[in-house]
Amino acid sequence: MEADPSPLFHKKKKHTQFFQHLKTLVLLLITAPLMAPQYAPSLRALLPPLACLLEMLLILLFTFCIQYEETEVKNHSFTYIYAELQDVNVMVFLGFGFLCAFLTRYSFSSMGFNLLVASLAVQWALLMNGLLFSTSNGKISISMRSLSEAQMFAVSGLISMGAVLGKTNPIHLLLLALIEVTGFIVNTWILWSFLMVQTVDSIMLLHIFGASFGATTSWVLQREGLQPRHSKEKLHHKTGLFSMMGVLFLWMFWPSFNSALIDHTLHAKKLNAIGNTYLSLAGSAVSAFVFSALTSPKGKINMVHTQSSILAGGVAMGVAVSARCMPWVAITIGILAGLISTLGFRYLKPYLQVNFGCHDTCGVLNVHGLPGTLGWLAYLLLQVSQSADPTASLRFAVYHVCILLITLGLSMGLGAITGFLLKWPIWRPPQDRKCFDDQAFWEFPHLAVHK
Amino acid sequence: MEADPSPLFHKKKKHTQFFQHLKTLVLLLITAPLMAPQYAPSLRALLPPLACLLEMLLILLFTFCIQYEETEVKNHSFTYIYAELQDVNVMVFLGFGFLCAFLTRYSFSSMGFNLLVASLAVQWALLMNGLLFSTSNGKISISMRSLSEAQMFAVSGLISMGAVLGKTNPIHLLLLALIEVTGFIVNTWILWSFLMVQTVDSIMLLHIFGASFGATTSWVLQREGLQPRHSKEKLHHKTGLFSMMGVLFLWMFWPSFNSALIDHTLHAKKLNAIGNTYLSLAGSAVSAFVFSALTSPKGKINMVHTQSSILAGGVAMGVAVSARCMPWVAITIGILAGLISTLGFRYLKPYLQVNFGCHDTCGVLNVHGLPGTLGWLAYLLLQVSQSADPTASLRFAVYHVCILLITLGLSMGLGAITGFLLKWPIWRPPQDRKCFDDQAFWEFPHLAVHK
Amino acid sequence: MEADPSPLFHKKKKHTQFFQHLKTLVLLLITAPLMAPQYAPSLRALLPPLACLLEMLLILLFTFCIQYEETEVKNHSFTYIYAELQDVNVMVFLGFGFLCAFLTRYSFSSMGFNLLVASLAVQWALLMNGLLFSTSNGKISISMRSLSEAQMFAVSGLISMGAVLGKTNPIHLLLLALIEVTGFIVNTWILWSFLMVQTVDSIMLLHIFGASFGATTSWVLQREGLQPRHSKEKLHHKTGLFSMMGVLFLWMFWPSFNSALIDHTLHAKKLNAIGNTYLSLAGSAVSAFVFSALTSPKGKINMVHTQSSILAGGVAMGVAVSARCMPWVAITIGILAGLISTLGFRYLKPYLQVNFGCHDTCGVLNVHGLPGTLGWLAYLLLQVSQSADPTASLRFAVYHVCILLITLGLSMGLGAITGFLLKWPIWRPPQDRKCFDDQAFWEFPHLAVHK
């Protein structure tokens, strides 16, 4: 047969080959969801097309919708916002990136995927936030403030990412972050449209939204093959130091995070936000050390607690940032936040893992979820205690409970849907034994052997 | 006897048990100072109660004394001070934390205890500083400036901590820092009340105060069992890089540290402080490399010198910050500071250790003590050279010597007292072989084995 | 002869000895260029004298030429510039220092020599820049802006350094940086004097100048003994994380770098520069991940690409910073910059290395050279597309090509001369087998054994 390959036959053969390829592709697309991956999946087939598609879509929409703000801003406002924007920038890309770098064989993925996801999520949030909130004559204006808000929306996605890290691939993380960010912007819009909640307050719910979204997704995603604790889910002494560095940047710049959206002309409110966050963080740092040593059978301090629970004060104070309070109240809130966060790590995390199969890699429920809810409660109590009128207090309480319920409902619902979407084998999840391992995604061509 | 446990008997037995426990406790408290610890001491019995007590005391005092500043500040001042406050914040928590992280098995403790101590010391300094200096109608106001000052007072405690690090437990460190900070605030108050020294100048003496306090305490604390160089007091290649990172943040943000307390309306003075510190640091960086290579028998550079002596220029310029000088003078001061700091590390540190038993873990005497004294001298010479009147010069010289003597006297006296207090075995110091070791204080449950 | 050593004889002998030493020295100076170094060279003989001489020269010139700015600046300008100065400061000393720390056995040298060279280069640039541009009545004034410019000139030297790192000693690096910085300041001056190019635009050519200078020098310096890939030129997992940290600081603060020299009164231009750089960096981060996975045979991401190519967007946008453009254009430029940088790393770097013997340690040609040229092209296209007049467009194109040719010509010419100067064996280059090794330059007395 190969003896007489006439041009026509050749062409026909090529033709046939093309159809065969097409058939294989279609078959693959149909059967993929039914097949488990049998090999270490390559990122080549999915990540580049997906990210390219997203970027092309973004460029297209940016072309038609987005321009820079034209209105002349006063000197000072520009400066102030830029300095805070940079602080938050450090938190988003360095802080959250290194926060999760403690996993001994997964530090590159934690950091790299954080960068990838955050870069896309910020662009996406700029667009979504603009579309829902600030279109004027069909155009969205980029200003320092809109960049700040976009970064915060991206943070809500990064928090959710923390819950599923290590058990997913970057395609999962991208999809999860985009859905979460969209959902959270919608949540902000709903609270603003129907309950008249100020943006400052609704964006600070990102801790509660992100944590419950992430935990729900992780719970749905849980699969048979993953033991409660993966053999590679370990801390390394040196990567632990990197993680500590990331945490310190989050800890130090948290006052900027909580006060960035407060207008700089409201000095008293801004000083309040900065001072309260600062003191609350100091309180939760002390209480994380204290309660970690107290609940340890050997009286030793646990590194993971000090790395996560010291942030609880900033989370709690963030959610309660609009409630003006005295310095001593801020310290007290910080100490309580550190306490519940440490207890959550010590008792709640293993409990959920063993009994509900809800595995939460970075403990976002204990760092963001519980302290965020504490902050929500503190806000309620402070408002009620400062009000003289019982009716107004009651009305505020109902309104405040509604905010929480809407946020929780939306985040958990969307989280569950996202979980089922990500369960689809077409995204080629990493094999069980390749979880928590950089080797699955990274090329290390000239890597020195560890001596 | 166990066969008939009547309720009454039970109760009586409980009663007896309680008294027995009480007796044991009292005996323990009395005999503890006479007994050496025979086991790895747990932090559980002392750290949580002490820190909780302190926090409760702080909350109580904060409740009655402290509120936020009410006076409306001008826009700009707020911004400016906040940006500098964040720079100093990074120095306090990240810079000083990682500076001491070079010890191969003690990096977590260096960083964690720095965070714990600094968090408490800042709260304490806010209160103490307010009580001595800025009470108005019985209330202390928190402003950006008072937070800045509190951070600097905390730094003086962190410097002292550097001298005893590794040979102490966190309870020691907490007590030492609180006594030091209180002492230094009192020193500032004495200089202000009796010698009319401006706060800007007296706070900058923190380098001299902290270093001599720390060295004295370390000298008193020296015990038989500790060899001049502990077997674990080593540098690791990777932890050395963390240390370098901390040092770089200190180095880069030092201009903010030296200029933070200068009012932003005094532009010329502020530009002078920033520019001089910048040039002085550049000079001491070069001279640390040069003299390290020059004094090495093999002509190599010593990592510890470059990590510590490059900071000497900032220290010297800090103490002399109020003396206006030309750029070339700043560079010269920086080079000299780098020189004496490097020589101190090369010759003075081992000399003191071997002949006087004064062990100084982080070499605070060479990083802060000597260069600080050089800065003090430079201030004197600059003032005298700029003055035309010999009588005024002499008067200034006497006044300037008095400042130094008061500071040295108070710091060394208090340091010695603190040393004797900390020698008390009730604080359960770490056993000799557990010094410089994270294992004594930290839980590493899922630590990966170093492959 | 030794039996009767009369004083006179002794003196004569001493005399003879002195002449003998002199003869040896002269002979050594003459023959040194002909001899290859046979021992691990000590830094003692060359680094301290050279650096001391430089510092003394600098102090002398500073004494006669440099003072602080006297003119009263407006409040706000001071603040704004200082915050940006600090961002750029972090980039220069921490960012560039850690960027090259990925080499497994060379991380201390990368970081330490970066600090040494940058400290001297900033002082040198302050002087040179002042002499050529801003002398008024014979005196150069130091202001926030002149410090900012000096830092940027120093950066151009650090970029060149990246190309020869590991194959040189600190004396080489110092000489290279000083020549490069002088050359680049002269380039800026030529462009300003003859082509009226604004400083903002000509300084941004530092990427093109630094990269082509460095690549040329490295090409001339290439010696027989060095294989295309040195056995120690490897990445370590942990040092890779340090490198990632340095890169992230560069990435995050790049908007400050590109906008620092734009006057703060031009709000629209400044917002444009900051926003465009931010979006362009986000685009290049995504595209570095995408194209790294796409061009990898196994579909994995290469760490070096993500660490270097994510910066390409900032480089390209920097060169084009004066061209006002829409947000979508900035994202597109960022994506293209990430693309060509990744392709450069994947294909161009090995090609140049094997076929031309042009070894480029940190890939400066791919991080700064190619994306910088893309930015130059983008500037041209944007200007042409925004202009209605074809003649003006053509004139601009010719003018723009001239700028590039002058910059390339000067940088490559000077780079080649520098290469030949550094080839002189009197500088005692590290032996081939000691390249990329900290042991050649650093004392590690108490280094813990890697367990």
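Residue numbers begin at 1 in each chain, while the letters A, B, ... track the order of the sequences. Excluded from the calculations below are hydrogen atoms, water molecules and symmetry mates; all remaining heavy atoms, backbone and side chain alike, are included.
Side-chain atoms of A:Glu55 do not come within 3.5 Å of backbone N or O of C:Thr332 as any donor-acceptor pair. The backbone N or O of A:Arg44 sits nowhere less than 3.5 Å from a side-chain atom of C:Lys300 that would complete a donor-acceptor pair.
Residue C:Ser256 touches chain A through both its backbone and its side chain, counting heavy-atom pairs closer than 4.5 Å. Neither the backbone nor the side chain of A:Met56 has a heavy atom closer than 4.5 Å to any heavy atom of chain C. At a 4.5 Å heavy-atom cutoff, the contact between C:Asp87 and chain A is made by side-chain atoms alone. Contacts of A:Phe93 with chain C are made by both backbone and side-chain atoms, with heavy-atom separations under 4.5 Å. When heavy atoms are compared at a cutoff of 4.5 Å, C:Ile310 approaches chain A solely by way of its side chain, counted from C-beta outward.
Taking OG of A:Ser119 as the reference point, atom CD1 of C:Ile331 lies at 11.0 Å (rounded to 0.5 Å). Rounding to the nearest 0.5 Å places CE of A:Met91 at 12.0 Å from CE of C:Met252. Rounded to the nearest 0.5 angstrom, A:Met111 CE and C:Leu248 CG are separated by 6.5 Å.
Among all heavy-atom pairs drawn from C:Cys325 and A:Tyr68, the shortest one is O-CE1, 3.7 Å. Residues A:Leu116 and C:Val286 come closest through the heavy atom pair CD1-CA, 4.0 Å. When all heavy atoms of C:Trp328 and A:Ile59 are compared, the closest pair comes out as CB-O, 3.8 Å.
Between the side chains of C:Tyr278 and A:Gln123, no donor-acceptor pair of N or O atoms lies under 3.5 Å.
Most heavy-atom pairs under 4.5 Å with chain C: of the set A:Leu50, A:Leu54, A:Leu147, A:Val90, this distinction falls to A:Val90. In terms of heavy-atom pairs under 4.5 angstrom with chain C, the leader among A:Ile142, A:Leu115, A:Leu126 is A:Leu115. Ranked by heavy-atom pairs shorter than 4.5 Å toward chain C, the options A:Val122, A:Thr63, A:Val117, A:Leu47 are led by A:Thr63.
We find that C:Lys270 and A:Glu69 are not joined by a salt bridge, their nearest charged nitrogen and carboxylate oxygen being 4.0 Å or further apart.
Ring geometry, C:Phe289 versus A:Phe113: the interplanar angle falls from 30° to 60°, so the pair is classed tilted.
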Before you tell me yes or no, could you show the steps for A:Phe108 and C:Gln307 under side chain to side chain contact (heavy atoms under 4.5 Å, CB included), namely the whole-Å CA-CA distance, both residues' side-chain angles and the distance that decides it to 0.1 Å? CA-CA 11 Å; A:Phe108 273 99; C:Gln307 280 182 8; 3.9 Å; yes

I'd like to know whether C:Asn302 forms a side chain to side chain contact (heavy atoms under 4.5 Å, CB included) with A:Trp442, so could you lay out the CA-CA distance, the side-chain angles of the two residues, the decisive distance to 0.1 Å, and finally the verdict. CA-CA 6 Å; C:Asn302 188 297; A:Trp442 297 80; over 6 Å; no

Just do the side chain to side chain contact (heavy atoms under 4.5 Å, CB included) check on C:Met326 and A:Phe62 with the steps written out, would you? CA-CA 9 Å; C:Met326 298 287 286; A:Phe62 266 59; over 6 Å; no

Residues C:Lys298, A:Glu443; criterion side chain to side chain contact (heavy atoms under 4.5 Å, CB included); working and verdict: CA-CA 8 Å; C:Lys298 287 187 174 175; A:Glu443 234 174 35; 5.6 Å; no

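In this structure, C:Phe249 has its ring center under 6.0 Å from that of A:Phe249.
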